[in-house]
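Report on one structure; see the data block that follows.
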Amino acid sequence: MIPCFKLHNGVEVPAIGLGTYRIPNDEEAVRCVRDAVAAGYRSIDTAMFYHNEEWLGKGVRECGVPREEMYVTTKLWNDSHGYEPALKAFAASLRRLGLTYVDEYLIHWPGFDVEAFVQTWKAFETLYKDGLVRVIGVSNFMDWQLKVLMERCEIKPMVNQIETHPLFQPAQAIRFCRENGIQVEAWRPIAHGKLDRGALLDAAKKYGKTPAQITMRWHYQNGCRAIPKTTHKERMAENVDIFDFSLTEREMERITNLNTYVRTGESPDEFFLTVKRGSV
Ligand SMILES: NC(=O)c1ccc[n+]([C@@H]2O[C@H](COP(=O)([O-])OP(=O)(O)OC[C@H]3O[C@@H](n4cnc5c(N)ncnc54)[C@H](OP(=O)(O)O)[C@@H]3O)[C@@H](O)[C@H]2O)c1
């Protein structure tokens, strides 16, 4: 069983979920959910932008595990900021997923229009109060954007999903989340498997694990939920087989020291600008 972290509203969320970006919207998505469930996963992370909600939803509905034991995340895309657009976007995601509620709904990117993301968040609060979402959160938010929500809105985000892994750790955003009881979720948690670093290789050798498993264990011991993506069932099993050993403080520190301060993914600011120019 994959252990859970408890969010500030009391909901227990699996420490590891399956990432699904680039999993195709067809029978392959159903197969991935089935294999993930067999490997012990109960959490699936998708987004409107991944264009695979339909078939992943079908996978969740048909995986054989009761709906209430599954944890489904989806995200609002950048073109749907604002109160009414956000409600509409959520309804459309729910319809595509074929579910009656979503476990976790995230604002995918904040953008620069503070008023727009505040209004989006107010819609999220409505969805939460209406019982259509169990956990509302954000993604790619810096600490100042979280502060805005906390000052202007009623409900504090329960999670912030951000790029973080040994090679890139946005320390300020992570510290702010920890200090404020906001669960950090790591996207690109195993840096696309590019983990050829001494601190990871040494620990892998010592514990008879792979660098990906050492990285997943490092996230777990940091209290960080992680959502590695793979379509291979062997890797699904590998990425959750991390609960039979512990890294020492020194090993944790060596891995933390791998931070290059360079993102592998888009920067929240630049990405949103790119999207606004219509290139996605
Ligand atoms: N909120 C956001 O803005 C945001 C942005 C990006 C991603 N995400 C979410 O985070 C998830 C994970 O991020 P990601 O997909 O970018 O990166 P990732 O999970 O760090 O890496 C996925 C890549 O690593 C490979 N892989 C998986 N397990 C492996 C292992 N044990 N050893 C070696 N290679 C392995 C996969 O290949 P195979 O599939 O071929 O096994 C895939 O190419 C996404 O799928 C998505 O759900 C969110």
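Order of listing sets the numbers, starting from 1, for every ligand and every atom in it. In this text, all values refer to a predicted model and were calculated from it rather than measured experimentally.
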Pair Asp45 + Lys229, salt bridge at N-O below 4.0 Å: no
Can you list the ligand 1 atoms lying under 4.0 Å from a non-hydrogen atom of Glu238? 30 (C), 31 (N)
For atom 19 (O) of ligand 1, which candidate among Lys229, Lys233, Arg235 provides the closest heavy atom? Lys229
Does Glu251 come within less than 4.0 Å of Lys206, counting only side-chain N to carboxylate O? yes
Taking N or O atoms only and a 3.5 Å limit, does Ala212 qualify as a polar contact for ligand 1? no
Is there at least one pair of N or O atoms, one from Ile190 and one from ligand 1, spaced under 3.5 Å apart? yes
Residue Pro228 vicinity, atoms of ligand 1 by number, heavy atom under 4.0 Å: 19 (O)
is_close_aromatic(Phe141, Phe117), centroid dist under 6.0 Å: yes
Heavy-atom nearest neighbour in the protein, as seen from atom 6 (C) of ligand 1, with distance rounded to 0.1 Å: Trp187 CE3, 3.1 Å
Determine, for Glu238 against Arg235, whether the closest basic-nitrogen to carboxylate-oxygen distance falls under 4.0 angstrom. no
For Gln161, take its heavy atoms, then give the atoms of ligand 1 lying under 4.0 Å from any of them. 1 (N), 2 (C), 4 (C), 48 (C)
Give the atoms of ligand 1, by number and element, whose distance to some non-hydrogen atom of Asn140 is under 4.0 Å. 1 (N), 2 (C), 3 (O)
For Ile255, does its backbone N or O pair with a side-chain atom of Arg197 as donor and acceptor, under 3.5 Å? no
State whether any protein heavy atom lies less than 4.0 Å from atom 28 (N) of ligand 1. yes
Can you find a non-hydrogen atom of Ala191 under 4.0 Å from ligand 1? yes
